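Taking it in order: structure first as structure tokens, then the write-up.
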Amino acid sequence: MRIAAASAALCLCAVGAAAHQPPQLQFGKAAQREAGIRTVLLSSVPEIVQLPGRVVADPRRELRVAAPQDGMVEPEGRQLPVAGQAVRAGQVLPQPDRRDLGSDLAAAERDKKLGRIQIDRYGIDEHQNLEIKLPTPSIEIVTNYHSAEARSGQIQDTLQHPLPLLAPRAGTILRSPAVAGRVVAGGQDLFDISAPGAPAVEAEFSDDDLDAAAAHLAHTADGREVPLLLLGSSYDAGLRSHRVLYAVAGDDLALAVNEPLQLEVPRTVGAGRYRLPAQSVFHHDGQDWVWLHVAPQSFTAVPVQVAAAADGQVLVSGALRDGLRVVGEGAAALAAAPDAGVP
């Protein structure tokens with residue numbers, strides 16, 4: 001055979017000089033071509049961790065509906081909308097948000113009457129230019145009077161014309177802390193609404209080695225793939241916990257809020273694993289080996305550990321690092337060469 005003839009020209013370098021030294025082999029370029037030697041450049045494969053997550057409402061599509069002012073909540077119909085219920089744009093949520101403002105109206109009317117009495121007593125012309133014509137005490141009397149007058153009118157208008165609370169747009173009720181008959185303060189949240197659109201995915205973890213930004217895929221319990229796009233992440237120093245949020249890249253996935261998912265997240269530190277063609281590994285004397293191409297015509301065999309094998313590929317670890325070249329094809333020819341020096 002031509003390979004055997006070429007192998008006969010091999011020169012062994014420093015093999016057997018010391019039992020602990022790795023075997024080194026000189027293999028000429030012509031012999032390499034005959035043996036079909038092909039090398040691959042090592043690039044570490046990060047470990048993929050299955051991280052539990054869940055479907056949440058996309059905060060970018062979340063709307064909060066608050067009470068416009070103090071009052072008592074009354075439902076439109078039999079009951080208030082509940083979480084999970086769909087609402088349409090302009091739909092009345094509580095109807096009306098009727099307010100118990102009797103005491104406020106009485107106070108405003110009292111201030112208004114007191115102001116009128118003072119204006120009449122001191123003969124103040126309330127229609128004059130306040131800044132120029134009237135002295136300071138008169139300005140205060142007239143200002144208080146007009147303020148009480150305006151406040152009284154607003155309260156009466158509110159009592160006569162109930163203020164309905166409308167859904168700003170179509171969506172689904174996420175949370176509803178509103179309770180019929182309960183008095184609420186102005187600005188207090190009554191409903192959280194999620195506008196139509198794809199949900200988001202949330203995950204929490206404490207492993208600092210996980211590269212959550214590199215996660216692009218999750219799986220549902222029934223095996224469906226969910227493509228992900230990173231929205232943002234945060235870190236709680238007290239709990240030493242990371243929280244990451246992803247958008248779902250697609251609107252055709254039927255996902256429900258709180259549905260569990262499994263995210264594929266790479267571990268970035270301490271991986272040290274490399275994916276190689278299965279034929280790059282040869283077995284001898286109970287140990288797996290690969291050949292490193294250390295110089296144009298020089299090869300060194302190093303022991304490795306095979307972590308997994310599938311589809312003609314193996315995942316190996318050992319005394320390897322990124323940037324080294326490993327024989328991907330023709331490793332068996334090197335191992336079978338005379339005086340190859342494989343222990």
Side-chain angles (χ1 to χ4, degrees), residues 1-51 207 209-211 214 217 219 223 262 264-343:
M1 293 178 60
R2 298 180 62 186
I3 294 179
S7 299
L10 297 178
C11 175
L12 183 63
C13 295
V15 175
H20 65 277
Q21 292 183 352
Q24 297 180 357
L25 184 66
Q26 292 292 331
F27 209 59
K29 291 185 178 180
Q32 292 181 36
R33 288 193 295 269
E34 292 294 334
I37 302 297
R38 298 291 184 273
T39 62
V40 295
L41 185 66
L42 288 183
S43 179
S44 58
V45 178
E47 177 186 359
I48 300 300
V49 176
Q50 296 296 318
L51 180 68
D207 188 345
D209 294 340
L210 294 183
D211 186 6
L217 190 66
H219 291 89
Q262 289 291 327
E264 295 185 357
V265 182
R267 190 188 302 275
T268 57
V269 177
R273 307 201 304 175
Y274 301 88
R275 195 177 302 279
L276 298 172
Q279 59 185 335
S280 65
V281 178
F282 64 95
H283 193 78
H284 181 76
D285 197 21
Q287 176 68 59
D288 292 317
W289 302 76
V290 296
W291 287 101
L292 295 182
H293 193 193
V294 295
Q297 300 183 47
S298 181
F299 300 85
T300 298
V302 295
V304 295
Q305 294 79 45
V306 177
D311 301 325
Q313 299 281 314
V314 291
L315 203 60
V316 302
S317 60
L320 304 172
R321 67 177 186 275
D322 288 7
L324 295 178
R325 284 200 168 273
V326 171
V327 174
E329 299 180 20
L334 291 176
D339 299 324
V342 178

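This chain uses plain numbering: 1 for the first residue, then up along the sequence. What you are looking at is a predicted structure, and each value in this text was computed from that prediction instead of being measured.
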Contact summary for Pro277 and Gln313, nearest pair of heavy atoms: N-OE1, 4.1 Å

So how far is it from Leu320 CG to Gln305 CD, rounded to the nearest 0.5 Å? 9.0 Å

According to side chain to side chain contact (heavy atoms under 4.5 Å, CB included), who are the partners of Val294, at least two apart in sequence or on a separate chain? Leu292, Ser298, Thr300

For Phe299, what residues pass the ring pair (Phe, Tyr, Trp, His ring centres under 6.0 Å) criterion, not counting sequence neighbours? His293

Flag side-chain contact, heavy atom, 4.5 Å: Val290 against Val302: yes

Side chain to side chain contact (heavy atoms under 4.5 Å, CB included) partners for Ile48, two or more places apart: Gln50, Glu264, Pro266

Under the side chain to side chain contact (heavy atoms under 4.5 Å, CB included) test, residues paired with Asp288 that sit two or more places apart: Val281, His283, Val304, Val306

Closest contact, heavy atoms only, Trp291 versus Ala331: NE1-O, 3.4 Å

For Val40, give me all partners under side chain to side chain contact (heavy atoms under 4.5 Å, CB included), at least two apart in sequence or on another chain. Leu276, Val326

Write down the atom of Ser280, the atom of Val327, and the distance for their closest heavy-atom approach. CB-O, 3.0 Å

Give a yes or no on whether the backbone of Asp322 and the side-chain of Tyr274 come within a donor-acceptor separation of less than 3.5 Å. yes

CG-CZ distance between Leu42 and Arg325, expressed to the nearest 0.5 angstrom: 9.5 Å

Identify the heavy atoms of Glu329 and Gln279 that sit nearest to each other, and give their distance. CG-NE2, 3.4 Å

Checking the side chain of Gln32 only, and the main-chain atoms of Gly330 only, is there a donor and an acceptor separated by less than 3.5 Å? no

The side-chain hydrogen bond (donor to acceptor under 3.5 Å, both in side chains) partners of Arg33 (sequence neighbours excluded) come to none

Smallest heavy-atom separation, Ala35 atom then Phe27 atom, equals CB-CE2, 4.0 Å

